[in-house]
Amino acid sequence: MSEVPTLRLLPRDTLICEQADVLLHASPQPPGTTFRWQDGSTEPSFRALAAGRYTLEVRNAGGCLARDSVFV
C-alpha cells in the first residue's frame, strides 16, 4: 500500500497587483507523481493571471491522492 502524498502549494495565499501574475507550484514530489490543476492542466506549476482560488491534485505512483488550494 502506498503512502498518501503530502502536498503544499507555494506560495501560500498571495496578494498581487493588477496586471501582475504569480507562479504557483507544488512542494517537492517523488518521481512518478502526476499533477492536475483546476483547469485540467498537468504541469507541476501554474501561472495565476487573475484573482481566485487555484487547486492542485497530485497522485503518487501508487495511486494515492492529495489536494491543496490557495487564494490569489
Side-chain angles (χ1 to χ4, degrees):
M1 184 169 151
S2 293
E3 289 187 30
V4 174
T6 3
L7 171 63
R8 184 174 172 120
L9 272 175
L10 303 169
R12 298 306 298 157
D13 292 349
T14 303
L15 294 175
I16 60 173
C17 295
E18 285 188 51
Q19 308 302 318
D21 59 28
V22 64
L23 184 64
L24 304 174
H25 58 92
S27 53
Q29 299 296 315
T33 298
T34 59
F35 303 87
R36 184 167 178 253
W37 290 92
Q38 74 288 331
D39 69 346
S41 60
T42 58
E43 297 298 318
S45 60
F46 185 88
R47 187 157 308 276
L49 302 173
R53 180 179 182 199
Y54 293 85
T55 303
L56 174 64
E57 292 181 344
V58 296
R59 189 175 302 271
N60 66 16
C64 296
L65 177 78
R67 180 180 299 130
D68 194 15
S69 61
V70 296
F71 288 95
V72 172

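Numbers here are sequence positions counted from 1.
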Legend entry - Shortest non-hydrogen contact from P5 toward N60: CD-ND2, 3.7 Å

Legend entry - Heavy-atom pair of closest approach, residues R12 and S69: NH2-O, 4.1 Å

Inset, instruction - Report yes or no: does W37 contribute a side-chain atom to a donor-acceptor pair with the main-chain N or O of Y54 at less than 3.5 Å? - result: no

Legend entry - Shortest non-hydrogen contact from L24 toward A48: CD1-CB, 4.1 Å

Legend entry - For Q29 against F35, the heavy-atom pair lying closest together: CG-CE2, 4.0 Å

Legend entry - For the student: nearest non-hydrogen atoms of D21 and R47, plus distance: OD2-CD, 3.2 Å

Inset, instruction - Output the distance between atom NE2 (H25) and atom CG (L9), rounded to the nearest 0.5 Å. - result: 9.0 Å

Inset, instruction - Could you check T34 against R36 for side chain to side chain contact (heavy atoms under 4.5 Å, CB included), going step by step and ending with a plain yes or no? - result: CA-CA 7 Å; T34 59; R36 184 167 178 253; over 6 Å; no

Legend entry - CG on D68 to CD on E57, rounded to 0.5 Å: 11.0 Å

Inset, instruction - Work out which heavy atom in V70 is nearest to a heavy atom in P11; give both atom names and the distance. - result: CG1-O, 3.7 Å

